[in-house]
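One structure below.
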Amino acid sequence: MNPYPASSYPATWGARALDLGAIMRQVYFWLAAGLVLGFGVAFALGRELLREGPDGPLVTLVANPIVWIGAIVVYLGIGFAFTPIVRRASVSLGALLYLLFTVVFGLMISTIFLQYDVASILAAFAVTAGMFAVMSVIGFVTKADLSKLGMILLLALIGLIIASVVNIFLANSTLYWIVTYAGVLIFCGLTAYDTQWIKRAAAQASASGSAQTETRIALIGAFRLFLDFVNLFLFILRIFGGGRS
């Protein structure tokens, strides 16, 4: 979740309201680009993993703890630093970091092709896309203030992470499914919340009208929605996968 509230933008980004429609189009453009790149990498690598089999050199490389630790460090590093960097650095660097983040995500989830059949993955992706679209539209058109919901969802997400870590040791199937369905609900809510956040940030943000300012907001918004989409997908995939992976 972005630590910078929408109300902070007018003080830092100038004097004239930006074009809301133009920013939202950029948000969904960058979101689509990130999803295509991330899932494209996952599919390409996953296909090679399946072709080689469990004893192939690529499987050995992917399973290497050093590779995994490196990927996690890069993923978390970009994840936590992305918004501050985009707000201060060049737009080109922000776009590069965003695309790099999606590539690392694709590398990290490529092993789902070893855990689930392609039909389940495609079904989960289709359902995720439908649910995401509905919740994003709700977040954009609703008149209700979702800002208070954001704090509730953040606390719920922290609880979800703690429960997931605990269940690594407990391996309790009931807790597993509670976490799974709670994750679906939480990221559906975050999709609506983040979409409204983007709308308000764009509407309240002021600047000289430069394309760079619009792109900064769009990149931050796309990054937040990308995280919502992929996490929602991973929880839905658990359901479509029919049991514990």
Side-chain angles (χ1 to χ4, degrees), residues 1-20 22-35 37-38 69-108 136 139 146-158 160-162 186-187 189-232:
M1 301 242 305
N2 196 312
Y4 299 97
S7 58
S8 71
Y9 286 107
T12 57
W13 279 355
R16 187 174 67 79
L18 301 178
D19 182 346
L20 174 61
I23 293 175
M24 295 307 296
R25 286 192 293 273
Q26 284 198 57
V27 168
Y28 290 112
F29 167 80
W30 283 109
L31 173 62
L35 292 175
L37 183 58
I69 292 173
I72 291 172
V73 168
V74 173
Y75 186 83
L76 293 178
I78 296 177
F80 283 107
F82 182 80
T83 297
I85 290 176
V86 170
R87 295 181 76 239
R88 293 173 176 83
S90 68
V91 168
S92 298
L93 178 59
L96 180 62
L97 284 176
Y98 172 71
L99 296 177
L100 176 61
F101 184 84
T102 65
V103 169
V104 175
F105 164 79
L107 293 173
M108 293 177 65
S136 190
L146 302 181
S147 57
K148 292 182 179 179
L149 179 63
M151 181 56 65
I152 296 173
L153 291 171
L154 175 60
L155 294 175
L157 181 57
I158 293 172
L160 188 75
I161 294 171
I162 294 173
I186 289 170
F187 283 102
L190 282 172
T191 298
Y193 169 79
D194 284 334
T195 301
Q196 187 179 83
W197 182 92
I198 296 166
K199 179 183 176 181
R200 289 184 172 182
Q204 295 178 18
S206 301
S208 60
S210 70
Q212 284 196 351
T213 301
E214 292 185 354
T215 304
R216 290 180 198 277
I217 302 175
L219 282 170
I220 293 172
F223 179 76
R224 293 175 67 144
L225 291 181
F226 179 86
L227 289 175
D228 295 337
F229 187 101
V230 298
N231 281 286
L232 180 60

- Item | Considering all heavy atoms, the nearest Ser147-Gln196 contact | N-OE1, 4.2 Å

- Rounded to the nearest 0.5 Å, what's the gap from CG on Leu190 to CG on Leu225? Could you check? 10.0 Å

- Message: Between Tyr98 and Trp30 (side chain of the first, backbone of the second, donor and acceptor by atom type, cut-off under 3.5 Å), is there such a pair?
- Response: yes

- Task: Could you pull out all residues at least two apart from Phe229 that satisfy ring pair (Phe, Tyr, Trp, His ring centres under 6.0 Å)?
- Result: Phe125, Phe132

- For residues Ile186 and Leu153, report the shortest heavy-atom separation together with the two atoms involved. O-CD2, 3.9 Å

- Residue list, side-chain hydrogen bond (donor to acceptor under 3.5 Å, both in side chains) with Tyr75, at least two apart or on another chain: none

- Taking all non-hydrogen atoms of both residues into account, name the closest pair between Leu146 and Gly139 and its distance. CD1-CA, 4.4 Å

- Rounded to the nearest 0.5 Å, how far apart are CG of Leu160 and CG of Leu154? 12.0 Å

- Using atom types as modelled and distance alone, determine if a side-chain donor or acceptor of Gln26 lies under 3.5 Å from a backbone N or O of Ala218. no

- dist Leu219:CG -> Phe29:CZ (nearest 0.5 Å) comes out at 10.0 Å

- Apply the test side-chain contact (heavy atoms from CB on, under 4.5 Å) to residues Arg87 and Ile220: give CA-CA distance (whole Å), side-chain angles for both, the deciding distance (0.1 Å), then the verdict. CA-CA 9 Å; Arg87 295 181 76 239; Ile220 293 172; 3.7 Å; yes

- Query: If you measure from CG on Leu157 to CD1 on Ile152, what distance do you get to the nearest 0.5 Å?
  - Reply: 13.5 Å

- Task: Start with the C-alpha gap between Ile72 and Met108, add the side-chain angles, then the distance that decides, and say whether side-chain contact (heavy atoms from CB on, under 4.5 Å) holds.
- Result: CA-CA 8 Å; Ile72 291 172; Met108 293 177 65; 3.9 Å; yes

- Query: Can you name the residues that form a side-chain contact (heavy atoms from CB on, under 4.5 Å) with Val74, not counting sequence neighbours?
  - Reply: Ile78, Val104

- Taking the side chain as every heavy atom from C-beta outward, state whether Ile198 and Tyr28 have any pair of such atoms under 4.5 Å apart. no

- Message: Checking the side chain of Arg216 only, and the main-chain atoms of Ala89 only, is there a donor and an acceptor separated by less than 3.5 Å?
- Response: yes

- Side chain to side chain, Leu99 and Leu37, heavy atoms closer than 4.5 Å: yes

- Item | Arg224 side, atom CZ; Thr195 side, atom OG1 - distance, nearest 0.5 Å | 9.5 Å

- Message: Run the side-chain contact (heavy atoms from CB on, under 4.5 Å) test on Phe223 and Phe101 for me, step by step, so that the C-alpha distance in whole Å, both residues' side-chain angles and the decisive distance to 0.1 Å come before the verdict.
- Response: CA-CA 9 Å; Phe223 179 76; Phe101 184 84; 3.8 Å; yes

- Task: Mind checking the CG-CE spacing from Leu31 to Met24? Nearest 0.5 Å is all I need.
- Result: 10.0 Å

